[in-house]
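Single-structure report; data block below.
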Amino acid sequence: MAKSNQLIHVAFIMDGNGRWAKARNLPRHLGHKEGCERVTDIYEECLAQGIKVMSLYAFSTENWNRPKDEIRHLFSYLELFFKREIKRLIKDGCQVRTSGDLSKLPKRTQKVIADAKAKTKDLNNFVFNICLNYGGKEEITRAAKLFAKDVKDGKRKIDSLTEE
Ligand code: IPE
Ligand code: MG
């Protein structure tokens, strides 16, 4: 049984990639590459610590304001991460999940993520949740739209809406 002080879910916000690269006179995108490498270390440590869920804030709705080329690099490193790590995620019994609206992501990225999710959907030793095109306000808006649709379709009553 989990100890009462056992951490269950730990979230990580990726930051400082650009500063890391700048301090080394490297292009920003190599900072993102390095950041992706570090995700593997964090993942391993979470497993070793008996943590059950790891959330990784990798790309926020605000990140679309970055230069196109930087965005392109970010997604290509993300694809590389899954292609490189999928075998080991499966071996570890890790279920890949996402938070955020993936429909705006490059098609190729969507495919790599869908593939990782499909291959790991029945695994339950650990959850690797990656937040992509994620924003708290966006999430509330999306949930409200879904609810409004259910009300319109007669599937739910307005009063059934709760904080939960
Ligand atoms: C985090 O590093 C990467 C993403 C948000 C995708 P930053 O790109 O924010 O790095 P700094 O803050 O400019 O150093
Ligand atoms: Mg930053």
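Each ligand, and each atom within it, is numbered from 1 in the order the structure gives. These numbers were taken from a predicted model, which means no experiment stands behind them. This chain uses plain numbering: 1 for the first residue, then up along the sequence.
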* Asked: Among the clusters formed by ILVMFWY side chains lying less than 4.5 Å apart, do W20 and I13 turn up in the same one?
  -> no
* Asked: Does S60 reach ligand 1, in the sense of a heavy atom lying below 4.0 Å from it?
  -> no
* Where does R66 meet ligand 1, judged by heavy-atom distances below 4.0 Å: at the side chain, the backbone, both, or neither? -> side chain
* Relative to the heavy atoms of A58, which atoms of ligand 1 are at a distance of less than 4.0 Å? -> 6 (C)
* Asked: Under the 3.5 angstrom rule, does the side chain of Q95 hit a backbone N or O of V127 as a donor-acceptor pair?
  -> no
* **G35 to ligand 1, any heavy atom closer than 4.0 Å** => no
* Under 3.5 Å: N/O of M14 near N/O of ligand 1 -> no
* Flag N17 as yes when one of its N or O atoms lies below 3.5 Å from any N or O atom of ligand 1, and as no otherwise. => yes
* Asked: Mind checking whether Y77 and H29 have parallel, tilted or perpendicular rings, split at 30° and 60°?
  -> parallel
* Supply the atom-to-atom distance R97 CZ to M54 CE, rounded to the nearest 0.5 angstrom. => 14.5 Å
* the Mg ion (ligand 2) - name of the N/O/S atom of D15 that sits closest to it -> OD1
* Quick one: does ligand 1 sit under 4.0 Å from the side chain of H32, the backbone, both or neither, non-hydrogen atoms only? -> side chain
* Least distance between heavy atoms, N133 atom then E138 atom -> O-OE1, 4.3 Å
* Asked: Does ligand 1 have any atom sitting under 4.0 Å from a heavy atom of R28?
  -> yes
* Asked: Given side chains that start at C-beta, do those of I113 and I130 come closer than 4.5 Å, heavy atoms only?
  -> no
* For L74, the ligand 1 atoms whose distance to one of its heavy atoms is below 4.0 Å -> 6 (C)
* Approximate separation, where rounding is to 0.5 Å, of Q110 CD and L105 CG -> 6.0 Å
